[in-house]
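So you know, we letter chains A, B, ... as the sequences are listed, proteins then strands, and number each from 1. Everything numeric here is computed off the predicted structure, so don't read it as measured data. Quick note: numbers below take in every heavy atom, side chains included, and nothing from hydrogens, waters or symmetry partners.
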Amino acid sequence: MYLAAQGLALKYPNTANYVFKNLSFKLAEPGFNALFGPSGVGKTSLAKIITGEIHTFSGDIRSKGMQTCLYSYNLERLPGWSSVGKHLEKITPPARRSRRDELISVFGLEELIGKRFSRLSLGQQNRVNLLRYLLQDFHLLIMDESLANVDELTREKIILKIKDMYPEAYFLYISHNVVEVSKLCNEIIVLRGGLKEPSATVVPGRNFMTGQEMERAELEQTMLEIVNASS
Amino acid sequence: MYLAAQGLALKYPNTANYVFKNLSFKLAEPGFNALFGPSGVGKTSLAKIITGEIHTFSGDIRSKGMQTCLYSYNLERLPGWSSVGKHLEKITPPARRSRRDELISVFGLEELIGKRFSRLSLGQQNRVNLLRYLLQDFHLLIMDESLANVDELTREKIILKIKDMYPEAYFLYISHNVVEVSKLCNEIIVLRGGLKEPSATVVPGRNFMTGQEMERAELEQTMLEIVNASS
Amino acid sequence: MLLHRRIYQFFIIYLLAVAFLFLIKYGLDLSDYVIPGPVDVWHTGTREFSRYFSDVMNTMMVAVIGQVISIFLALLVGITGRQATWIGSFTKAAAYNVQAYPIVALAPIIFILLGDGIISRLLIAAMICYFPLLLSVIGIMSEPISDIEHFYRVTGRMRWQLEVKIRAFENMNKLTTVVAGSATLAMAGTIVAEFIAANAGIGYSIRIALFQSDLAKILIALFLIGITLSVYQGLLEVIGYLIEKGWAAK
Amino acid sequence: MLLHRRIYQFFIIYLLAVAFLFLIKYGLDLSDYVIPGPVDVWHTGTREFSRYFSDVMNTMMVAVIGQVISIFLALLVGITGRQATWIGSFTKAAAYNVQAYPIVALAPIIFILLGDGIISRLLIAAMICYFPLLLSVIGIMSEPISDIEHFYRVTGRMRWQLEVKIRAFENMNKLTTVVAGSATLAMAGTIVAEFIAANAGIGYSIRIALFQSDLAKILIALFLIGITLSVYQGLLEVIGYLIEKGWAAK
Amino acid sequence: GTAEAAEKVSYRLKWLFNMSVAGDIYADVHQFFARQGLKVTIKEGGPERDAIRELELGRAQFGVASADQVIRAVSKGATVVVIAQLFQVNPLQWMYRTDRMKIERLGDLKGHTLGVTFGGNDEAILKTLLAKANLTENDVTLFSVRYDYTPFFKKKVNFWPVYRNTQAVFLGQKLRQAGEDFAFFNPADHGVRFVANSVVTSKTMLEKRPDTVRKFTVALLRGWQAAMDQANAQKTIKTLQQYDRDSTLETLQEQLDITRRLIHPKASIPVGEIDVAAWKQTEKIMLDQRQIPGPVNVERYLKAIPEY
Ligand SMILES: Nc1ncnc2c1ncn2[C@@H]1O[C@H](COP(=O)(O)OP(=O)(O)OP(=O)(O)O)[C@@H](O)[C@H]1O
Ligand SMILES: Nc1ncnc2c1ncn2[C@@H]1O[C@H](COP(=O)(O)OP(=O)(O)OP(=O)(O)O)[C@@H](O)[C@H]1O
Ligand SMILES: [Mg+2]
Ligand SMILES: [Mg+2]
């Protein structure tokens with residue numbers, strides 16, 4: 001099972017510049033990977049190419065065994081007619097009920113499941129939304145700033161839990177936090193914009209797991225690599 | 001000119017717990033301050049109390065000379081019928097045209113002003129939205145995750161510029177990034193939730209300005225204080 | 001409170017209109033047979049009140065049923081017609097076409113097919129009332145709410161029922177406005193049906209009053225129609241408000 | 001393309017309806033008086049085509065003007081009535097009340113006030129057509145779009161024009177649906193007006209055909225009304241589509 | 001009555017319950033049908049009602065239709081037969097203000113504005129009258145009449161088509177109250193005898209259930225005769241009051257007097273007599289005005305009424 005992009009180029013109609021050009025990468029192994037780069041560099045656009053929402057690109061995107069790619073983003077909402085708990089109930093396959101309860105607790109949502117989605121704080125909404133995706137079948141889950149409005153501690157707890165719980169799945173995590181992606185991700189696809197070639201380089205992350213020791217120097221090395229790659 | 005809260009308590013109707021109780025703080029001097037705390041702790045709620053959008057709290061909120069409090073947040077949109085540039089043109093008082101152009105450049109938006117808002121990336125939307133608030137009259141500007149979807153480098157550049165440009169104004173910056181608030185803010189109001197008393201403590205930040213030297217140890221000290229304060 | 005307001009607002013409007021008529025009458029010195037005088041209207045009112053009132057109630061009953069039918073019809077067509085498929089667009093075209101024909105031209109065909117009686121009356125009321133509903137429903141139903149629908153779509157959980165529910169819920173305000181507003185159309189529709197089919201209700205009475213050229217009676221009928229409708233509409237609005245509150249609450 | 005589709009869909013609908021009528025005719029062995037036979041309809045069609053066509057055009061012209069008027073009227077009332085103030089609710093109440101009265105009952109009053117002729121015809125067309133528009137406009141206009149409006153409100157820049165513009169733009173789809181759809185109502189309204197008032201237009205011809213119990217003529221009239229309206233509506237949709245594209249484009 | 005259960009039939013009127021259907025109601029209320037062993041459901045008519053269509057669709061067995069309806073239906077293959085003619089004099093006449101126009105001869109119409117319902121019988125009648133007077137449409141101004149009487153009330157038009165026995169009574173009262181003088185213009189006085197309402201049934205009915213048709217006709221005409229009898233005036237009005245609650249007693253009395261003159265103008269002619277010559281003239285008028293494509297020989301569809 002893999003996902004590979006070869007020489008992708010994208011230009012929106014009526015715009016002057018390429019968002020990216022000659023963009024290539026390969027995700028060959030399951031793991032928690034990041035898509036990183038400055039605002040406006042094309043992360044969301046690449047995600048939409050992968051899920052098939054954008055067709056007007058050139059180049060090649062190939063995958064094997066990766067039938068189900070889910071794309072989640074931070075502006076999604078749940079319908080307003082019943083509580084978060086009831087909605088989760090409905091979209092959880094029976095076999096995953098205990099997993100759901102476990103996630104609810106790790107995500108810090110126990111006290112909120114009786115509430116309507118619209119009454120939640122922004123970070124709470126982020127978490128509820130991501131949680132429901134994790135209960136679905138997927139081979140690849142793209143998380144487009146899915147935790148952007150959550151505090152750092154909770155975020156790390158959540159990511160670590162996901163890594164423990166889904167060793168066989170592929171993740172593509174879009175975030176603007178260098179420390180976080182350096183520390184937690186397996187590979188970091190750093191986008192560099194359409195003016196540079198290649199438009200992307202892949203930096204190996206520290207891929208920190210629950211309970212591991214973390215070498216500060218190594219982490220800083222990775223962060224530096226990422227910063228260098230994007231500039 | 002100051003803004004002071006004394007013994008604020010807030011409980012939403014039909015909910016069990018107080019969002020906060022006995023919350024007090026005082027902003028006595030102009031500056032770039034943060035409102036910090038885990039997701040769901042009540043930052044947005046406090047901001048809405050300050051701007052008068054929420055009335056159902058108890059306690060006292062007092063201010064002197066602070067007629068204009070603006071509240072901006074990251075989900076705002078611009079109308080769709082014309083380009084970002086034209087919208088900015090309309091809402092810029094003539095005297096601030098050069099300031100606008102300066103901000104556009106610092107915010108990295110030069111190439112986007114001909115575009116419709118809906119065609120921008122999330123972080124670009126964040127920036128455009130914040131920019132237009134900065135061109136208005138205000139004594140206090142609350143930025144509720146206004147830069148949540150912008151990359152860290154750009155974010156720092158923007159905040160430093162704001163600090164340089166508005167030495168006389170009050171800011172209340174809501175963010176989930178400890179490093180950022182520690183480094184850039186003057187005072188950090190750390191919210192601790194309704195179960196703890198007091199519900200807020202104020203931690204002095206490093207208040208880093210353009211061109212200053214930064215002591216790493218000091219910064220880490222501040223970060224630690226913040227983390228301690230929230231737990 | 002809403003109800004209250006509706007009623008006294010109606011009184012104001014009615015009195016203004018009647019005052020305006022009298023103004024014209026006395027201003028242009030028109031004789032009583034062109035515009036009846038206040039005394040005549042008052043006498044007619046006291047004389048015909050109870051009879052017309054029961055006529056209006058009769059009409060109202062049909063109108064309410066007609067409205068319910070047309071709400072269903074509009075939802076049905078609106079939900080089918082929301083899709084950008086051929087069948088969706090065909091349903092819409094059919095629904096629009098039927099509406100384009102003035103009821104007076106269709107009436108003879110309706111009577112040939114359905115005979116007289118309540119069915120024809122209901123059908124005509126429903127036809128007049130359903131179209132505006134339909135327009136709103138189609139407008140609402142054909143606009144995706146992607147923030148909410150995305151999840152269901154990508155996880156393959158989207159059913160048309162869910163789609164409809166999401167869009168209806170998010171546009172609840174608009175829907176209740178239109179439903180409450182369409183009450184007036186149902187009423188007007190029923191009256192027209194009675195007028196051309198001439199069998200019962202206030203429409204029938206209006207027809208006779210027109211035949212006798214009795215404007216005083218028409219003014220009384222209009223008064224009763226207006227007041228009844230204000231009450232009904234006020235009630236609908238209160239109900240809509242309660243439903244909305246109930247659904248959104250918790 | 002849209003236009004194309006509207007037209008052939010209309011043909012299908014019309015043919016289905018006529019086929020159904022013929023089925024009944026031959027099924028129940030009814031005479032040409034009850035339901036005219038194909039030959040009769042054909043002959044009537046060739047004989048009356050050009051006369052009826054010019055009648056329909058005449059009606060259409062009035063309908064288009066009536067629609068424009070009612071769009072303005074609906075915007076006017078909708079914009080005033082969108083506010084939750086007393087005057088807003090009063091405007092709404094007045095607009096609703098006027099609608100509640102069946103046009104047949106109001107017609108004599110209209111004729112007294114305005115005489116017969118084009119003005120009355122226009123007024124009636126506009127009244128029938130504006131209400132559904134109004135309902136939609138009120139629904140749309142009374143719902144804040146806070147993501148966009150917040151900035152203007154807190155910075156004291158909100159004017160009612162801007163508010164209206166924002167809400168209209170965000171609901172462009174719904175508005176164009178309703179405007180295009182209301183074309184049928186304008187047409188129906190004009191025909192009804194002609195039926196009860198005028199000496200011209202297809203409504204007048206329909207009335208004469210009804211006097212003469214000539215269903216064949218009615219079928220021809222319905223055909224011409226339907227086809228004209230399909231073209232008009234298709235055009236409106238194309239225009240709406242272009243406007244939307246133009247506005248959203250860069 | 002007989003011991004057997006009454007035979008049920010439906011009877012569709014031409015218009016709403018008013019003085020023009022006095023006899024129909026009278027026959028029902030005062031048991032004329034019951035005595036013939038019939039149970040008749042009387043259905044009100046209306047502008048969108050067509051009794052001939054209902055006969056064919058089996059929704060009614062008897063009905064009232066105007067002569068032009070009958071002739072048109074026959075020309076389109078409907079198998080309708082006329083079993084009685086209710087109005088000997090057509091109630092469709094013109095009301096005019098005598099201070100505005102004087103009409104002694106047809107030629108006096110020249111130069112006036114004349115109200116006419118385009119498409120209605122009055123158009124056919126008026127055009128025939130104009131032709132008789134050698135007037136063209138340029139010699140007069142035709143004004144299209146609709147639902148409301150405003151143009152007449154406002155004196156914009158002073159020659160207005162009315163139903164002599166119903167509408168004309170309301171209007172007359174109003175004009176009298178306003179102190180205006182008026183008179184009626186009756187086309188029959190000038191040789192145009194366009195037939196008005198008649199009782200019809202289907203040919204099938206006549207062939208398959210001749211007895212029912214006979215009984216119905218007998219009962220109906222006896223009812224009409226009794227209703228029109230001066231001696232029964234109070235009874236007729238009382239009966240009608242139950243159905244027509246919009247008219248005052250005074251109105252009804254006046255209407256009855258006029259209706260009597262239209263239904264039963266001469267004692268020598270029985271109520272319901274079919275005036276074949278008038279029917280022929282009606283057909284000719286319609287033919288002349290191309291309302292029917294060819295002659296139908298309407299006399300073949302007129303069935304002489306039985307003795308009653
Ligand atoms: N309208 C409401 N009704 C009920 N509870 C609410 C409402 N709005 C917010 N809350 C609750 O109040 C608490 C504080 O919410 P608030 O939005 O102020 O949090 P926040 O600090 O801004 O969080 P975040 O960082 O996630 O945006 C949360 O637990 C939230 O669920
Ligand atoms: N529909 C569109 N039409 C034209 N240009 C677009 C469109 N969508 C995005 N863009 C442009 O393409 C570029 C990449 O956008 P994209 O949303 O992929 O960025 P991103 O990396 O996700 O940024 P962010 O971190 O701010 O979300 C941006 O410059 C944006 O302005
Ligand atoms: Mg993005
Ligand atoms: Mg918040």
Heavy-atom cut-off 4.5 Å, strictly under: side chain, backbone, both or neither for [X] against chain C?
X       : value
Q9(D)   : both
L133(D) : neither
Y8(D)   : side chain
F131(D) : side chain
S230(D) : side chain
F10(D)  : both

- Heaviest contributor of heavy-atom pairs below 4.5 Å to chain C, chosen from L222(D), T176(D), T177(D), is L222(D)

- With a 4.5 Å cut-off on heavy-atom pairs, point out which of N173(D), L175(D), I218(D) contacts chain C the most. N173(D)

- Only one of T184(C), V179(C), V178(C) clears side-chain contact (heavy atoms from CB on, under 4.5 Å) with L135(D); which? V178(C)

- Determine the option with the most heavy-atom pairs under 4.5 angstrom with chain D, choosing from L113(C), I24(C), I13(C), I35(C). I13(C)

- Query: Using non-hydrogen atoms only, which part of L134(C) is less than 4.5 Å away from chain D: side chain, backbone, both, or neither?
  - Reply: neither

- Task: Below 4.5 Å from any heavy atom of chain D, which atoms of I140(C) appear? Answer side chain, backbone, both or neither.
- Result: both

- Task: Mind checking salt bridge (charged side-chain N to carboxylate O under 4.0 Å, His left out) for E170(D) and listing every partner two or more places apart, or none if nothing turns up?
- Result: R77(B)

- Note on the structure: Sorted by chain and number, sequence neighbours left out, ring pair (Phe, Tyr, Trp, His ring centres under 6.0 Å) with Y204(D) holds for none

- Is it the case that more than 12 heavy atoms not belonging to F20(D) sit under 6.0 Å from its CZ atom? no

